[in-house]
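Chain naming here is simple, since letters A, B, ... match the order of the sequence lines and numbering starts at 1 in each.
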Amino acid sequence: GAVVSQHPSRVICKSGTSVKIECRSLDFQATTMFWYRQFPKQSLMLMATSNEGSKATYEQGVEKDKFLINHASLTLSTLTVTSAHPEDSSFYICSANRALATDTQYFGPGTRLTVL
Amino acid sequence: AQSVTQLDSQVPVFEEAPVELRCNYSSSVSVYLFWYVQYPNQGLQLLLKYLSGSTLVKSINGFEAEFNKSQTSFHLRKPSVHISDTAEYFCAVSDAGGNEKLTFGTGTRLTIIP
C-alpha cells in the first residue's frame with residue numbers, strides 16, 4: 001500500500017506556457033500533500049504543503065502566484081507552473097501522508113519539467 | 001530549525017563489501033528519522049524509519065540504521081552490498097511533535113563496484 005503517482009512523468013514546454021502536474025494517492029487518503037523541487041545532483045527542497053480543502057502553505061522564497069497548488073480532494077493535488085521559464089526546469093516530486101498516520105511521507109515518481 | 005548532514009557525497013564500495021552511510025542531525029525537539037533511496041530518474045522510496053521504540057531499525061533488503069540520540073546520528077549500514085544497491089540515499093528528519101515537514105540531507109551516492 002501507500003502508492004503515490006504523478007502525471008506526467010516528463011513534460012517539455014515552451015517558455016511562457018503553463019504546465020499542470022498531478023499527484024495522486026492511489027490506495028489511501030492523504031490529508032496532506034507536499035511538493036518538492038530537486039535540482040540535478042542536489043537534495044529535495046520543499047516548495048509547499050497542501051491540505052485538502054484549504055490554501056497551500058508555501059516555503060519562504062517560493063512564489064505562490066507562479067506555483068499554483070490545488071488540493072481538491074483527499075487523493076489529488078495539482079501543481080501548476082504558470083508562465084514557465086527555462087529556470088523552472090527541474091524535477092518536481094510530490095509526497096503524501098496517510099490520514100491516520102501522518103508520521104511518514106510516501107513519494108511519487110517525480111515529473112521532469114523542461115522549459116525551452 | 002532542524003538540519004541534516006550527510007558528510008559523504010559519494011561512496012564507492014566493492015560488491016559484497018560492507019557499507020556505512022553517515023547521517024547526523026540537529027534538532028531542539030524529538031525527531032523522527034528516515035532513510036530514502038532514489039534510483040536514477042525516479043522518486044524517493046522509503047527504505048526505513050525510526051519513530052520510537054527500538055533504536056535499531058531494519059529494511060527488507062538488508063539495510064539497517066541505528067538511532068543514537070547522544071551522538072545525534074542515524075547511520076545506515078549494510079553488511080554486504082549488491083550491484084542493485086547503486087542509488088542515491090537521503091537521510092531526513094521531521095519533528096516528532098507533529099510538524100510533518102521533512103528536512104533532507106544533501107544525499108550520498110552509493111556506487112557498487114563489480
With respect to chain A, which residue among B:Gly107, B:Gly105, B:Ser9 yields the maximal number of heavy-atom pairs within a distance under 4.5 Å? B:Gly105

Sort [X] into side chain, backbone, both or neither according to what part of it lies under 4.5 angstrom from a heavy atom of chain B.
| X | value |
| --- | --- |
| A:Gln6 | neither |
| A:Gln105 | both |
| A:Ser95 | neither |

As an exercise, state the distance from CD of B:Glu15 to CG of B:Asp85, rounded to the nearest 0.5 Å. 9.0 Å

In Å, rounded to the nearest 0.5 Å, how long is the span from OH of B:Tyr25 to OG of B:Ser94? 11.5 Å

Count the heavy-atom pairs under 4.5 Å between each of A:Leu44, A:Leu46, A:Thr49, A:Ile93 and chain B, then report the option with the highest count. A:Leu44

What residue in A:Asn97, A:Thr32, A:Thr104 has the most heavy-atom pairs under 4.5 Å with chain B? A:Thr104

Heavy-atom distances under 4.5 Å only: say whether [X] touches chain A with side chain, backbone, both or neither.
| X | answer |
| --- | --- |
| B:Tyr36 | side chain |
| B:Phe104 | both |
| B:Leu44 | both |
| B:Glu88 | neither |

Residues B:Ser70, B:Asn68; criterion side chain to side chain donor-acceptor pair (under 3.5 Å); working and verdict: CA-CA 6 Å; B:Ser70 62; B:Asn68 188 318; 2.8 Å; yes

State, yes or no, whether a side-chain contact exists between B:His75 and B:Asn24 at a heavy-atom distance under 4.5 Å. yes

For a quick check under 3.5 Å, do A:Thr78 and A:Glu22 share a side-chain donor-acceptor pair by atom type? no

Does NZ or CZ of A:Arg98 fall inside the cone over A:Tyr106's six-membered ring, less than 6.0 Å from its centre and within 45° of the axis? yes

Checking A:Lys66 side chain against A:Thr82 main chain: does a donor-acceptor pair fall under 3.5 Å? yes

